[in-house]
Amino acid sequence: MTGIVRLSGREVLVRAEELADLLTDTVHGGASIGFLAPLDRAQALAWWQERAAAVDAGRLAVWAARAGDRVTGTVSLAFPDKPNSRHRAELVKLMVHRDARGQGLGRVLLTTAERAAAEAGITLLHLDTESGSPAESLYASAGWTRAGAIPDYAATPWGELRPTTLFYKRVGAPAG
Ligand SMILES: CC(C)(COP(=O)(O)OP(=O)(O)OC[C@H]1O[C@@H](n2cnc3c(N)ncnc32)[C@H](O)[C@@H]1OP(=O)(O)O)[C@@H](O)C(=O)NCCC(=O)NCCS
């Protein structure tokens, strides 16, 4: 049974090892999510531990899906601190462990973050994702709108530059 919970900063620290396992699996599976392969375990762990302060400060919301004693999926929302941007958030680091994919977890994580954003008064979500990836199909099928594509935006874990597709989605009540 998989449950999805929103993590406090302390819980991010408690679950940092499990989150690092998921991040490492995702990068070594070829996803372009900000890291190069091979991803050092200590680097993955430190990256999650550094997120805890942003969670406690309200700049980041992190959800984790757990099954047994491990994290099988995660998604985050990053909130800008600019006074004119409080209505929007960036959806980041949606990941499902390779052996848990294709069972609907990615879509449930995405829906969880979208609903929480709307409940928090956010009216606009945005993200970027590697063009042609499974994630691009997920966002398109979940009602996100393609805003455009940028060539050579980021490298795959093996260093090959790939285009990214920018998406946005209006959630909750319209601004104004
Ligand atoms: C993208 C990702 C989170 C999807 O997780 P998942 O649990 O396998 O997704 P789901 O089972 O909920 O599938 C939802 C939709 O994603 C798309 N999708 C999933 N796997 C796919 C694949 N291999 N090829 C094409 N589309 C795929 C489909 O649209 C699917 O809908 P459908 O089942 O109705 O056809 C997962 O592949 C992943 O972690 N990828 C690596 C990390 C990444 O790229 N994250 C995005 C960063 S912006």
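Start at 1 and go down the list; that is how both ligands and their atoms are numbered.
- Taking 4.0 Å as the cut-off, L94 counts as a neighbour of ligand 1 on heavy-atom distance.
- Atoms of ligand 1 found under 4.0 Å from any heavy atom of T26, numbered from 1 in the order shown, are 41 (C), 42 (C).
- Between the choices V96, D128, L127, the shortest heavy-atom distance to atom 39 (O) of ligand 1 belongs to V96.
- Residue-to-ligand polar distances keep A100 apart from ligand 1: every N/O pair is separated by 3.5 Å or more.
- Protein heavy atoms come within 4.0 Å of atom 10 (P) of ligand 1.
- Residue, atom and distance of the protein heavy atom nearest to atom 7 (O) of ligand 1 are G106 N, 2.8 Å.
- Among R107, K93, Q103, the residue whose heavy atom lies closest to atom 34 (O) of ligand 1 is R107.
- Remark: ligand 1 and A135 share no N or O pair separated by less than 3.5 Å (distance only, no angle test).
- Below 4.0 Å from some heavy atom of G104 lie the following atoms of ligand 1, by number and element: 10 (P), 11 (O), 12 (O).
- There is a protein heavy atom less than 4.0 angstrom from atom 3 (C) of ligand 1.
- Of the heavy atoms in A31, only side-chain atoms (C-beta onward) come closer than 4.0 Å to ligand 1.
- The cationic atom of R51 (NZ for Lys, CZ for Arg) lies less than 6.0 Å from the six-membered ring centre of W47 and within 45° of the ring axis.
- Considering both main-chain and side-chain atoms, G102 comes within under 3.5 Å of ligand 1 through a nitrogen or oxygen pair.
- Contacts of Y139 with ligand 1, taken as heavy-atom pairs under 4.0 Å, involve the side chain alone.
- Between R70 and D99 a salt bridge is recorded (basic side-chain N to carboxylate O distance below 4.0 Å).
- At least one heavy atom of S141 sits closer than 4.0 Å to an atom of ligand 1.
- Atom 18 (N) of ligand 1 has P134 O, 3.9 Å as its closest protein atom, hydrogens excluded (heavy atom only).
- Proximity of F79 to L60: side-chain heavy atoms (C-beta onward) are nowhere separated by under 4.5 Å.
- In summary, the side chains of E114 and T111 do not present any donor paired with an acceptor at a separation below 3.5 Å, with no hydrogens or angles considered.
- Taken from CD in Q43 to OG1 in T24, the straight-line distance is 9.0 Å, to the nearest 0.5 Å.
- Of the residues listed (L138, V75, L105), the one engaging V96 in a side-chain contact (heavy atoms from CB on, under 4.5 Å) is L105, and it is the only one.
- In the candidate list R98, H97, R101, R101 is nearest to atom 38 (C) of ligand 1, counting heavy atoms.
- Salt bridge R41/D21: present, at least one basic N to carboxylate O contact under 4.0 Å.
- Salt bridge status for E130 with R162: present, with a side-chain N to carboxylate O gap under 4.0 Å.
- One option in A142, G73, S137, A140 has a heavy atom closer to atom 26 (N) of ligand 1 than any other, and that option is S137.
- Shown here is R98, whose CZ atom has more than 12 heavy atoms of other residues, nucleotides or ligands within 6.0 Å.
- Of the charged side-chain nitrogens involved, none lies within less than 4.0 Å of a carboxylate oxygen, so that R6 and E11 do not count as a salt-bridged pair.
- To the nearest 0.5 Å, atom OH of residue Y153 and atom CG of residue L161 are 12.5 Å apart.
- Set against the non-hydrogen atoms of M95, the atoms of ligand 1 under 4.0 Å away are 39 (O).
- The protein non-hydrogen atom at the shortest distance from atom 14 (C) of ligand 1 is L138 CD1, 3.6 Å.
- The closest side-chain donor-acceptor pair between T156 and S32, if any, does not fall under 3.5 angstrom.
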